[in-house]
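This is a predicted model, so every value here is computed, not measured. Just so you know, ligand 1 is whichever comes first in the structure, and atom 1 is the first atom listed for that ligand. Residues: numbered from 1 along the sequence shown.
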Amino acid sequence: MNTEIFVLDSEDIDRSVIQRAGKIIKDGGLVAFPTETVYGLGGDALNPGSSARIYAAKGRPSDNPLIVHIADMEALSKIVTEIPEGAFKLAEAYWPGPLTMIFHKKPVVPYETTGGLDTVAVRMPSDVIARELIKASGGYIAAPSANLSGRPSPTSASFVKEDMDGRIEMILDGGDSEVGLESTIVDFTDVHPMILRPGYITEEMISSVLGVEVGLDPALKRDDPSFRPKAPGMKYRHYAPKGELVIVTGPQDLVTERINAMVREDSEKGFSTGVMASGDTASLYRADSVKALGAKGRAEETAHGLFRALREFDDEGIDRIYSESFAGPGVGTAIMNRLIKAAGHHIIQL
Ligand code: TXA
Ligand code: MG
């Protein structure tokens, strides 16, 4: 299949391209598109055949449900049985934006889209290209991140092309993703709301709007497969670069010393090496490829550059990657959730 790529200017969107993309989705085809979090791989959420094609294009296990993207609140009530008070409050505070909520689904949403579940994940993105595309496609776009299963989520159209060229009808290029990490997921289908995936909208932001403490799914805090995360996708190894990734954490001077020692050892053995560090410490490292992920304490910058860095190490053919820890308040939780998964829980604590 020939994958068409169109560059769109979000200040002056070419309607004819959006109409064409919308028609592809209505006809059961797939279009990758920008959102403020990461690029999505979109198909008609109410068409079981489209969801099946999404799984095939990604090489993704079909028990891993998709997020349904909508452009307005009217669309929500047509696909969910009930909207709890708390969900209304969060929608008012953070929609459109990088937040996904889980509801009980109406029969109109096919099980192919929800991975067999009676619940459905819904998000209203803020990206204007995404919103125009949703409206032109009939109102409901199922979209996982537009990467091959297991690879880091794409934060630019060229990364989408790397993974999806020849597998889908169209890619809309809207430039770099603003946030760089996937949306925060909040579940409203249980007795208490719970965060199933940390993201840019933090635990504190959600708790303060709801007026109750909303916690993170406890299964995410353990490296133990017998604890199953409620979001099926969180159990898969994910975001992984091709090289082996290890996180080193502890006092800065010890971390720097240890990483440089491991880099030296690897180089002597003939491995190419990479380091991910903060902008303040990057110059202390002597690897083949050193990536600065924003100044210390500027978690938004780190989030923005994390998946790009992981993909660049792949392109550079790096065998061994060492990363500083980016733990911290707020978005730090989401960054470490992705980084620890990318490292397959390989952490050296000094
Ligand atoms: O920011 C995002 O959310 C991006 C952009 C494209 O919108 N999308 C995204 O989709 O990250 P995906 O498919 O890569 O991740 C969806 C996550 C998976 O972990 C999946 O298991 C979970 O949402 N999920 C979807 N529906 C669910 C449901 N009904 N119950 C529990 N978890 C669900
Ligand atoms: Mg994904």
Problem set entry | Residue pairs involving residues 194-219 (criterion side chain to side chain donor-acceptor pair (under 3.5 Å); sequence neighbours excluded) | S183-R197, T202-E204
Problem set entry | Per-atom contacts, ligand 1 versus S183 - under 4.0 Å to a heavy atom | 1 (O), 2 (C), 3 (O)
Anything under 3.5 Å between a donor and an acceptor, one on a side chain of residues 34-45, the other on a protein residue two or more places apart or in another chain? List them.
| from | atom 1 | to | atom 2 | distance (Å) |
| --- | --- | --- | --- | --- |
| T35 | OG1 | T37 | N | 3.0 |
| T35 | OG1 | T37 | OG1 | 2.8 |
| T35 | OG1 | V38 | N | 3.4 |
| T35 | OG1 | V38 | O | 2.7 |
| T35 | OG1 | R123 | NH2 | 2.9 |
| E36 | OE1 | S126 | N | 3.2 |
| E36 | OE1 | D127 | N | 3.2 |
| E36 | OE2 | R123 | NH1 | 2.8 |
| E36 | OE2 | S126 | N | 3.0 |
| E36 | OE2 | S126 | OG | 3.3 |
| T37 | OG1 | R123 | NH2 | 3.1 |
| Y39 | OH | G174 | N | 3.0 |
| Y39 | OH | G175 | N | 3.3 |
| Y39 | OH | G175 | O | 2.7 |
| D44 | OD1 | L46 | N | 2.9 |

Seminar exercise, completed: The option among S149, P65, G42 carrying the non-hydrogen atom nearest to atom 25 (C) of ligand 1 is P65
Exercise. Out of I67, T113, T35, whose heavy atom is nearest to atom 16 (C) of ligand 1?
Worked result: I67
Exercise. Looking only at N/O atoms, are G233 and ligand 1 under 3.5 Å apart anywhere?
Worked result: yes
Problem set entry | T119 and ligand 1 - part of the residue with a heavy-atom distance under 4.0 Å | both
For this session: Report, as yes or no, whether the 6.0 Å neighbourhood of atom NZ on K296 holds more than 12 heavy atoms from other residues, nucleotides or ligands.
Result: yes
For this session: Check each atom of ligand 1 against the heavy atoms of N64 and keep those under 4.0 Å away; list them by number with element.
Result: 18 (C), 20 (C), 21 (O)
Problem set entry | K230: numbered ligand 1 atoms lying under 4.0 Å from its heavy atoms | 31 (C)
Exercise. With the threshold set at 4.0 Å, does a side-chain nitrogen-carboxylate oxygen contact exist between R311 and D163?
Worked result: yes
Seminar exercise, completed: Going by the 4.0 angstrom heavy-atom rule, the piece of I185 near ligand 1 is side chain
Problem set entry | Ligand-side contact atoms (ligand 1) for residue partner L117, heavy atom cut-off under 4.0 Å | 28 (C), 29 (N), 30 (N)
For this session: With rounding to the nearest 0.5 Å, note down the distance linking CG in D187 to CZ in F103.
Result: 10.0 Å
Exercise. Which part of R60 is near ligand 1, with near meaning a heavy atom under 4.0 Å away: side chain, backbone, both or neither?
Worked result: side chain
Exercise. Judged by atom type as modelled, is there a donor-acceptor pair below 3.5 Å linking the side chain of K291 to the main-chain atoms of L306?
Worked result: no
Problem set entry | Atom indices of ligand 1 within 4.0 angstrom of G40 heavy atoms, with elements | 6 (C)
Exercise. Is it true that the side chains of D176 and S156 contain a donor and an acceptor less than 3.5 Å apart?
Worked result: no
Seminar exercise, completed: Quick look: R197 vs ligand 1, heavy-atom contacts under 4.0 Å, and the answer is side chain
For this session: Please determine if H69 has a nitrogen or oxygen closer than 3.5 Å to a nitrogen or oxygen of ligand 1.
Result: yes
For this session: Specify side chain, backbone, both or neither for A143, according to which of its non-hydrogen atoms lie closer than 4.0 Å to ligand 1.
Result: backbone
Exercise. Just checking, K105 and Y111: is the charged tip under 6.0 Å from the six-membered ring centre and within 45° of the axis?
Worked result: yes
For this session: Report yes or no: do V80 and I134 belong to one cluster of Ile/Leu/Val/Met/Phe/Trp/Tyr joined by side chain heavy-atom distances under 4.5 Å?
Result: no
Exercise. Purely on distance, is any nitrogen or oxygen of R123 under 3.5 Å from one on ligand 1?
Worked result: yes
Exercise. Looking at S145, which atoms of ligand 1 are within less than 4.0 Å of one of its heavy atoms?
Worked result: 8 (N), 9 (C), 10 (O), 12 (P), 14 (O)
Exercise. So, is E182 polar-close to ligand 1, with some N/O to N/O distance under 3.5 Å?
Worked result: no
Exercise. In terms of side-chain geometry, is the basic nitrogen of R53 or E169 positioned less than 4.0 Å from the acidic oxygen of its partner?
Worked result: yes
Exercise. Is the distance from the Mg ion (ligand 2) to some N, O or S atom of S145 under 2.8 Å?
Worked result: yes
For this session: Using atom types as modelled and distance alone, determine if a side-chain donor or acceptor of H304 lies under 3.5 Å from a backbone N or O of S177.
Result: yes
